[in-house]
Protein chains: 2
Amino acid sequence: MDSQAFREAATATIDEIITYFDTLNTRNVVSSVEPGYLRKLLPSEAPQEGEPWADIQKDVEAKIMPGITHWSHPGFHAFFPCATSYPSILGELYSSALSGACFNWICSPAVTELETIVLDWLAKTLGLPPCFLSTGPTRGGGVIQGSASEAILTAMVAARDKYLRETTVPAASPLTEEEQEREDAIMIKRSRMVALATTRTHSSARKAALILGVRFRAIRVREEDGYALTKDGLAAALAECKAQGLEPFFLAATLGTTDVCSVDDFAGISEALQGWCAPPGGPGEVWVHVDAAYAGAALVCPEVQAATRIGLVGRFHSFDMNMHKWLLVNFDASCFFVRDREWLVQALSVNQAVYGNKASDGGLVTDYREWQIPLGRRFRSLKIWFVLRSYGVKGLQEYIRRSISMGEAFADALKARSDLFEIVTGPSFALTVFRLAAKEEGASLEERNALTRALYAKVNATGKMWLTSTELDGRFAIRLMTAVRTTEKEHIDMAVKTLVEVAEDVMKG
Amino acid sequence: MDSQAFREAATATIDEIITYFDTLNTRNVVSSVEPGYLRKLLPSEAPQEGEPWADIQKDVEAKIMPGITHWSHPGFHAFFPCATSYPSILGELYSSALSGACFNWICSPAVTELETIVLDWLAKTLGLPPCFLSTGPTRGGGVIQGSASEAILTAMVAARDKYLRETTVPAASPLTEEEQEREDAIMIKRSRMVALATTRTHSSARKAALILGVRFRAIRVREEDGYALTKDGLAAALAECKAQGLEPFFLAATLGTTDVCSVDDFAGISEALQGWCAPPGGPGEVWVHVDAAYAGAALVCPEVQAATRIGLVGRFHSFDMNMHKWLLVNFDASCFFVRDREWLVQALSVNQAVYGNKASDGGLVTDYREWQIPLGRRFRSLKIWFVLRSYGVKGLQEYIRRSISMGEAFADALKARSDLFEIVTGPSFALTVFRLAAKEEGASLEERNALTRALYAKVNATGKMWLTSTELDGRFAIRLMTAVRTTEKEHIDMAVKTLVEVAEDVMKG
């Protein structure tokens, strides 16, 4: 494909994308294809000869679009949003042209430096304490990860390394007999270490522990605490570990859990850890990682910073939020901050002669490969820069406030029909979790679950909106999220209208 | 930014990208900015008000471009290539518009299904044995990972899980006293496990072991074996582990090592493992992962499939190559294949109620979140599909053959000046490693290294090309790679001319 062919192809693609967004609400939200639909439409081997672009492009609408679930559709109320926006698309466009494996500073200084700068901008915008800034007092800083799962894995690796460094004598290389004994001792120590989370923490915490091969305990959180981790809950879990001879080294705390958007009690966590045998700041302290993957975006509003007392996270070790969820940057852009970047470098730096260069060897620059699992990396800060500049902080605040107020309006509408609906949790960060009201006094859990399931299936079957569900202490519940960029008040009104109609039907039948 | 503003902005961006590629050779390859250059040019906080696109776009050329190292420059001979091409850019463009967190099939069936199909296409094109196809006899298949580092980490996690499943009784949940004893036993077992690689294996193998918290041993490979792992080398390492009471469970083999593009002896590895206490196929067998991150691309040519006896990898467990290196797809597109996909699912599946849906729960579909470290994923198969169709298999073969023959021409030119140059290894997969010839008989290693370093520094200082270096058994050596899409014979001629002139200078001085 030469320059001229690319110009034509790209212009046609831009047109298609604009039409896609302008007519998105005429499509059903969720794809209705059957499993295996695409294999029937495509050949079983790559073509031997190159094909003209026009043939390829027409297959996008004909063969791919039927299999797309539209995450930017105004009726997308499932899971969490996965954002995109025009400025973000432009960022990806430049980035794909400037493709490079930017593992070291010298591989493209702008890729590293813009990342450091825009993550400082973001940390300030979110009201994070200065310890998470690259220019802050504790040598902190931010790095873009592919996902919140990668971020928590990276944090857990660094936490394990830090804990072992503070509580054992590390083995050096080469492995003499004495060094082998040290390696053995570290392996035994590792086998006693345990990572903690709660029963509402995202599954990525358990997955990270599984990858690290460390023990994992999920602390049970209760409805009466709003499904948040409390001081007493954590203190009891720490005591239990101690009784079993285990060594807690990591805690995943959450700002906005997946099911219900609960927020763990940061002050309580801090207090429980003060009473622990290795108190915060001391050797062998428990590393606290705050997962704010979705709800962290709302911190662009000062009132949310105040309500969550976000300054308290300065007592912890790492913080992560995904701009690609609720902050208008397309997947992937998980923004991960640490209080001391040396914790990452010490855990993840693996040198190889071929990557040596003057700037790195002189310690003058940041080499982000030492802050992450992979070696190479894309130029992802560009789209963040474009979005922050195009919207401005005020534009982002306005957008977040609109999502939150639509969530409140939705919950109010359900409350006004308490004959039909019971709110289980929320609205919290534009997420409301609800179920059908009891049809009659003394209705069993099974009956209520069955009716709520019927409501859920029928509303989703309209194709005009997509809701997802969860289970809370045996109760089947529906989640409705109002944070997609294209969603307007009219779509929420339609959602309420549909829910009321179907609920009335289900209650009758 | 509304539709009309986006159309204008995108059109201007397309123009810039075309001009960028058309005038790439007028720029210096490597950025020459000083560390910290960008902070001086940008404000310290995000703007409060949104800015017009024109102001943002002009900063790309003015502030970002000076900090870019141009991986698509014809004079880029460093490391390995990091590809991009027009069809690939179009794939990213669509993908960023269709942004979604496609962790489950239902989250966009096309994202999952196209990935399965194009990875089958690729496996066939590369001549991989049928066990790596999704339609093959062993329930194999491919999945796109972000990088070869992620792929090797994923393989190692699956290998550890498989080994433990085959050699211990797993602990169930909840943890009763008896289950806790089982958990203890598994932890002790884990502490004896060791992952193997060679002294020339990419550092991602060591990093994966570090993340898993398992022991790691690098087997020394020798110049006389072309820096490849041999049967005897592996057999000796296995015996040594046994003598130390350690349990090898994983071996990273390489097709095209980072420094010199050596290829480990697949037949020899197979034979050495036959003699091991747990022979291939039996419980407790050693998982062999083949890292073909760069050189795997060359397998599109049947003559390379024959020369490497690629069919032998069917005896192994996983295989990975990066289309984003030498196969015209932009970063990231690491194509990872396993012989039995259940090995991944069993190791990496972590369920959470909120992700439940009919298709997944019914086991009808692939949920790629169970094949990888992260939960969410981008629509990366689109760009692979576009590239395979635009170029066709023949177009890809032609491109690879051109890279290889330019590498041969380069090496021949150095051989013709054996008064100036000594080839250390290659040409192998378009990579030649060389140093300055000895100035006089009996020149010390230090003298020769110093002169080669001088040559290296002076050639890179021209700005017109970028070479990287390595160290082989104490010998400083220069690597020159000829696999960038834009590189033509004339650029190789210029590289030779420059090298000869500078070498003559250095030899004289």
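Below, chain A is the first sequence line, B the second, and so on; all start at residue 1.
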Pair count under 4.5 Å, heavy atoms only, with chain A: among B:G395, B:S469, B:S88, B:S334, highest is B:S469
Say whether, by atom type as modelled, one donor and one acceptor occur between the side chain of B:W121 and the main chain of A:P43 under 3.5 angstrom. yes
Just how far is it from atom OG of A:S32 to atom CD1 of B:I106, taken to the nearest 0.5 Å? 8.5 Å
Relative to chain B, which segment of A:A208 carries a heavy atom at a distance below 4.5 Å: side chain, backbone, both, or neither? neither
With respect to chain A, which residue among B:D259, B:L164, B:L42 yields the maximal number of heavy-atom pairs within a distance under 4.5 Å? B:L42
Is chain B contacted by the side chain of A:L93, its backbone, both, or neither, given a heavy-atom distance below 4.5 Å? both
Lys/Arg N to Asp/Glu carboxylate O, A:D55 vs B:R389, below 4.0 Å: no
Honestly, the part of B:S3 sitting under 4.5 Å from a heavy atom of chain A is both
Interface moiety of B:I211 toward chain A, non-hydrogen atoms closer than 4.5 Å: both
Please name the pair of heavy atoms, one in A:P374 and one in B:S149, separated by the smallest distance, quoted to 0.1 Å. CA-CB, 3.7 Å
Contact origin within B:A5 toward chain A - heavy atom pairs under 4.5 Å: neither
For chain A, find which of B:T11, B:L388, B:T125, B:I18 contributes the most heavy-atom pairs closer than 4.5 angstrom. B:I18
Calculate, to the nearest 0.5 Å, the distance between atoms OG and CD1 belonging to B:S96 and A:I89 respectively. 4.5 Å
So which of A:L382, A:L210, A:V111 has the largest heavy-atom pair count under 4.5 angstrom toward chain B? A:L210
Heavy-atom distance under 4.5 Å between the side chains of A:E45 and B:V393, does that happen here? no
Between A:V118, A:T154, A:L212, which has the largest tally of heavy atom pairs under 4.5 Å with chain B? A:L212
Best-contacting candidate, B:D184, B:T135, B:D161, B:T116, against chain A by heavy atom pairs under 4.5 angstrom: B:D184
Check the pair A:E113, B:R39 against salt bridge (charged side-chain N to carboxylate O under 4.0 Å, His left out), reporting the backbone distance first and the verdict last. CA-CA 7 Å; A:E113 297 201 10; B:R39 199 174 282 277; over 6 Å; no
Go through the atoms of B:D332 and report whether side chain, backbone, both or neither lie under 4.5 Å from a heavy atom of chain A. both
Is there side-chain contact between A:F103 and B:F79, with at least one heavy-atom pair below 4.5 Å? yes
Chain A contact via B:L38 - side chain, backbone, both or neither, heavy atoms under 4.5 Å: both
Work out which heavy atom in A:A97 is nearest to a heavy atom in B:Y20; give both atom names and the distance. O-CE2, 4.1 Å
Holding to ring pair (Phe, Tyr, Trp, His ring centres under 6.0 Å), I want the full list of residues that pass it with A:Y391, two or more places apart in sequence or in another chain. none
Examine whether an atom of B:A347 lies under 4.5 Å from a heavy atom of chain A, and if so say whether it belongs to the side chain, the backbone or both; otherwise answer neither. backbone
Does the side chain of B:H202 reach to within under 4.5 Å of the side chain of A:L375, using non-hydrogen atoms? yes
Measure centre to centre between the rings of A:Y86 and B:W53, then say whether the value is under 6.0 Å. no
Sidechain-backbone polar pair: A:R190 side chain, B:G213 backbone, donor-acceptor under 3.5 Å: yes
How long is the straight-line distance from NZ of A:K207 back to OG of B:S349, given to the nearest 0.5 Å? 8.0 Å
Answer with side chain, backbone, both or neither: which region of B:S99 has an atom nearer than 4.5 Å to a non-hydrogen atom of chain A? both
Considering only heavy atoms, which portion of A:R215 lies under 4.5 Å from any heavy atom of chain B: side chain, backbone, both, or neither? both
Given a strict heavy-atom distance threshold of 4.5 Å, which part of B:Q4 is in contact with chain A: side chain, backbone, both, or neither? neither
Turns out that what part of B:P81 lies under 4.5 Å from chain A's heavy atoms comes down to neither
Do B:F6 and A:P87 have side chains that approach each other closer than 4.5 Å (heavy atoms only, starting at C-beta)? no
Ranking A:T258, A:V365, A:I373 by heavy-atom pairs under 4.5 Å to chain B gives rank one to A:I373
Side chain, backbone, both or neither: which part of B:M156 has a non-hydrogen atom closer than 4.5 Å to chain A? neither
So B:I56 and A:L90, side chain to side chain contact (heavy atoms under 4.5 Å, CB included) or not? Walk me through it. CA-CA 11 Å; B:I56 300 170; A:L90 293 168; over 6 Å; no
d(B:M187 CE, A:M187 CE) to nearest 0.5 Å is 12.5 Å
Sequence neighbours excluded, every pair satisfying salt bridge (Lys or Arg N to Asp or Glu O under 4.0 Å) that has a member inside residues 9-19 of chain B: A:R7-B:D15
In terms of heavy-atom proximity below 4.5 Å to chain A, should B:N357 be classed as side chain, backbone, both, or neither? neither
Max heavy-atom pairs within cutoff under 4.5 Å with chain A, candidates B:V33, B:T366, B:T468, goes to B:V33
Interchain contact, B:L348 with chain A, by part (heavy-atom threshold 4.5 Å): both
Could you walk me through whether A:F386 and B:V60 pass side chain to side chain contact (heavy atoms under 4.5 Å, CB included), step by step? CA-CA 10 Å; A:F386 288 177; B:V60 174; 3.9 Å; yes
Given a strict heavy-atom distance threshold of 4.5 Å, which part of B:S204 is in contact with chain A: side chain, backbone, both, or neither? neither
Look up atom CG in A:D2 and atom CZ in B:F21, then write down how far apart they are to the nearest 0.5 Å. 13.5 Å
Looking only at heavy atoms, what is the nearest atom pair of B:C107 and A:W71, with distance? O-NE1, 2.9 Å
Between A:T19 and chain B, with a heavy-atom cut-off of 4.5 Å, which part of the residue counts as in contact: side chain, backbone, both or neither? neither
For the residue pair A:I68 and B:S108, establish whether any side-chain heavy-atom pair is separated by less than 4.5 Å. yes
Closest-packed option against chain A by number of heavy-atom pairs under 4.5 Å, given B:K325, B:K394, B:R378: B:R378
Taking A:R206 for the side chain and B:V350 for the main chain, is one N or O donor matched with an acceptor at less than 3.5 Å? no
Residue among A:P52, A:S390, A:A78, A:A10 with most heavy-atom pairs under 4.5 Å to chain B: A:S390
Name the region of B:K124, side chain, backbone, both or neither, that has any atom closer than 4.5 Å to a heavy atom of chain A. side chain
B:R479 vs A:V354, test: side chain to side chain contact (heavy atoms under 4.5 Å, CB included). Steps then yes/no. CA-CA 9 Å; B:R479 299 166 74 264; A:V354 72; 3.7 Å; yes
4.5 Å side-chain heavy-atom contact, B:Y94 and A:Q57: yes
Just by distance, with hydrogens left out, do B:D120 and A:S44 show a side-chain donor and acceptor under 3.5 Å apart? no
Begin from the C-alpha positions of A:F331 and B:F379 and carry the test ring-ring contact (aromatic ring centres under 6.0 Å, His included) through to its verdict. CA-CA 10 Å; A:F331 200 103; B:F379 194 178; over 10 Å; no
Looking at CD1 of B:I64 and CG of A:L98, how far apart are the two atoms once the value is rounded to the nearest 0.5 Å? 9.5 Å
